[in-house]
Amino acid sequence: MLEFQPTEIKRLPHSLSIQWKDGHRSEHTYRLLRESCPCARCDAIRQENDPFRMVPSEEYWEKLHLVGIQRVGRYAIQLMWSDGHKTGIYTFTFLRELSDSKVT
Ligand SMILES: [Zn+2]
């Protein structure tokens with residue numbers, strides 16, 4: 001659980017930059033982070049795949065930003081969004097794997 005540890009987490013205008021202890025650096029857009037929110041509610045919405053659900057507009061994604069980051073123990077951070085959503089707890093392993101699955 002403690003194999004990935006961040007040494008620095010920076011909020012950029014549209015993304016979150018994470019410097020890892022082993023030298024790797026990740027940069028995730030807020031949109032990607034929010035779309036992969038691991039909380040139970042977001043997970044349920046993704047599973048349902050309801051064709052009538054509201055799909056956020058491009059403008060919504062443009063405006064969405066982080067208002068707070070809270071450390072959760074030694075293994076995760078909780079992200080607080082400008083629209084009030086704050087139940088997503090992102091483990092460092094999750095954040096690290098998110099970066100590694102992204103082709104840049
Ligand atoms: Zn969520």
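The first residue in the sequence is number 1, and the count goes up from there.
- With sequence neighbours excluded, the residues satisfying side chain to side chain contact (heavy atoms under 4.5 Å, CB included) with K63 are E59.
- K21 NZ to F4 CZ: the interatomic distance, rounded to the nearest 0.5 Å, is 13.0 Å.
- Residues satisfying the side chain to side chain contact (heavy atoms under 4.5 Å, CB included) test with E8, not counting sequence neighbours, are K10, Q19.
- Side chains of R31 and E58 form a contact here, defined as non-hydrogen atoms less than 4.5 Å apart.
- Here the straight-line distance linking atom CZ of R11 with atom CD1 of I69 works out to 5.5 Å at 0.5 Å rounding.
- Rounding to the nearest 0.5 angstrom, the gap separating the CG atom in L79 from the CD1 atom in I89 is 10.0 Å.
- Shortest non-hydrogen contact noted between W61 and P56 is NE1-CB, 3.7 Å.
- The shortest non-hydrogen separation linking P38 to G88 is CD-CA, 4.4 Å.
- The side chain to side chain contact (heavy atoms under 4.5 Å, CB included) test applied to R71 returns Q5, F92, not counting sequence neighbours.
- For H85, the side chain to side chain contact (heavy atoms under 4.5 Å, CB included) criterion is met by R34, C37, C39, R41, C42, W81, D83, T87, not counting sequence neighbours.
- Evaluation of the salt bridge (charged side-chain N to carboxylate O under 4.0 Å, His left out) rule for E48 yields no partner, not counting sequence neighbours.
- In this structure, E62 has no salt bridge (charged side-chain N to carboxylate O under 4.0 Å, His left out) partners at least two apart in sequence or on a different chain.
- Taken from CD in E35 to CG in L98, the straight-line distance is 10.5 Å, to the nearest 0.5 Å.
- Within the 3.5 Å criterion, the main-chain N or O of L33 finds a donor-acceptor partner in the side chain of Y90.
- Put simply, CG on L66 and CG on L16 are 6.0 Å apart, with the number rounded to the nearest 0.5 Å.
- Residues H14 and T29 are not in side-chain contact: their nearest non-hydrogen atoms beyond the backbone lie 4.5 Å or more apart.
- Annotation: side-chain hydrogen bond (donor to acceptor under 3.5 Å, both in side chains) contacts of S15 (sequence neighbours excluded): E27.
- Contacts of S17 classified as side-chain hydrogen bond (donor to acceptor under 3.5 Å, both in side chains), with partners at least two apart in sequence or in another chain: R25.
- Listed by chain and residue number, D43 satisfy the salt bridge (charged side-chain N to carboxylate O under 4.0 Å, His left out) test with R46 (two or more places apart in sequence, or in another chain).
- No donor-acceptor contact under 3.5 angstrom links the side chains of W20 and T7, judged on distance only.
- A distance of 4.0 Å separates CE in M80 from CD in Q70, rounded to the nearest 0.5 Å.
- L32 and I77 fall within a single hydrophobic cluster, where Ile, Leu, Val, Met, Phe, Trp and Tyr are joined by side-chain heavy atoms under 4.5 Å apart, directly or via other members.
- One hydrophobic cluster, built from ILVMFWY side chains closer than 4.5 Å, holds both I9 and L95.
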